[in-house]
Amino acid sequence: MAPDTKRYWLMKTEPSTFSFDDLWRAPKRTTSWDGVRNYQARNMMRDDMKPGDLVFIYHSSADPTGIAGIAEVVRGGYPDESAFDEKDSHYDPKSKRDNPAWYVVDVKAVKPFKEIVTLESLRKMKGLEKMTLLQKGSRLSVQPVTPDEWAIINKAAG
DNA sequence: GCCAACGTTGGC
DNA sequence: GCCAACGTTGGC
């Protein structure tokens with residue numbers, strides 16, 4: 001892969017539902033990141049996230065909230081099966097197999113952080129002032145991370 | 001549990 | 001196309 005096509009991301013999850021540890025223990029340390037029902041997030045998963053991209057896994061509604069580790073995209077966007085399943089809590093009747101409304105990517109856990117890099121500590125780090133996660137009211141569950149932001153956080157994680 | 005901020009829906 | 005009402009997110 002050409003270096004300038006490498007991208008970085010952050011994905012949120014509630015660890016009471018699915019944590020970084022759950023991903024670490026999953027078969028092949030891999031899961032399909034299903035159930036995302038936001039168009040901006042959908043567009044990024046469908047169009048922009050490619051195998052080899054790296055992803056911070058962020059724990060929301062947790063104690064503490066923060067980044068738990070790093071995952072890698074191992075499969076780019078493809079239709080979210082859970083949207084087609086009437087019995088699934090993420091079922092969406094407007095998503096059709098011949099015209100899917102929602103997409104997933106597959107991610108594989110590659111590195112747990114020794115300690116959660118907490119939201120509180122992120123807010124104190126120089127250079128993250130413009131990070132999407134830290135903007136007031138930001139609730140995008142899939143978001144891009146700049147290479148600079150990635151490096152700052154990765155270094156702080158040790 | 002509270003509630004501000006946000007995205008989506010639907011009446012008009 | 002506007003926008004009020006509603007449901008959800010997510011920090012605290």
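By convention in this document, chain letters (A, B, ...) are assigned in the order of the sequence lines, proteins followed by strands, and residues within each chain are numbered from 1.
In this structure, A:S61 reaches the bases: a heavy-atom distance under 4.0 Å links it to at least one base atom across the strands shown.
Side-chain N/O atoms of A:Y103 and A:N43 include no donor and acceptor closer than 3.5 Å. Remark: the A:S95 side chain and the A:R37 side chain contain no N/O donor-acceptor pair separated by less than 3.5 Å. Between the side chains of A:D22 and A:S19, at least one donor-acceptor pair of N or O atoms lies under 3.5 Å.
Scanning both residues, A:K111 and A:N154, for their nearest heavy atoms gives NZ-OD1, 4.5 Å.
Between A:W33 and A:F18, the two ring planes are perpendicular [angle over 60°; tilted spans 30° to 60°].
The footprint of chain A on DNA chain C, defined by a heavy-atom cutoff below 4.0 Å, extends from C:dG7 to C:dC12.
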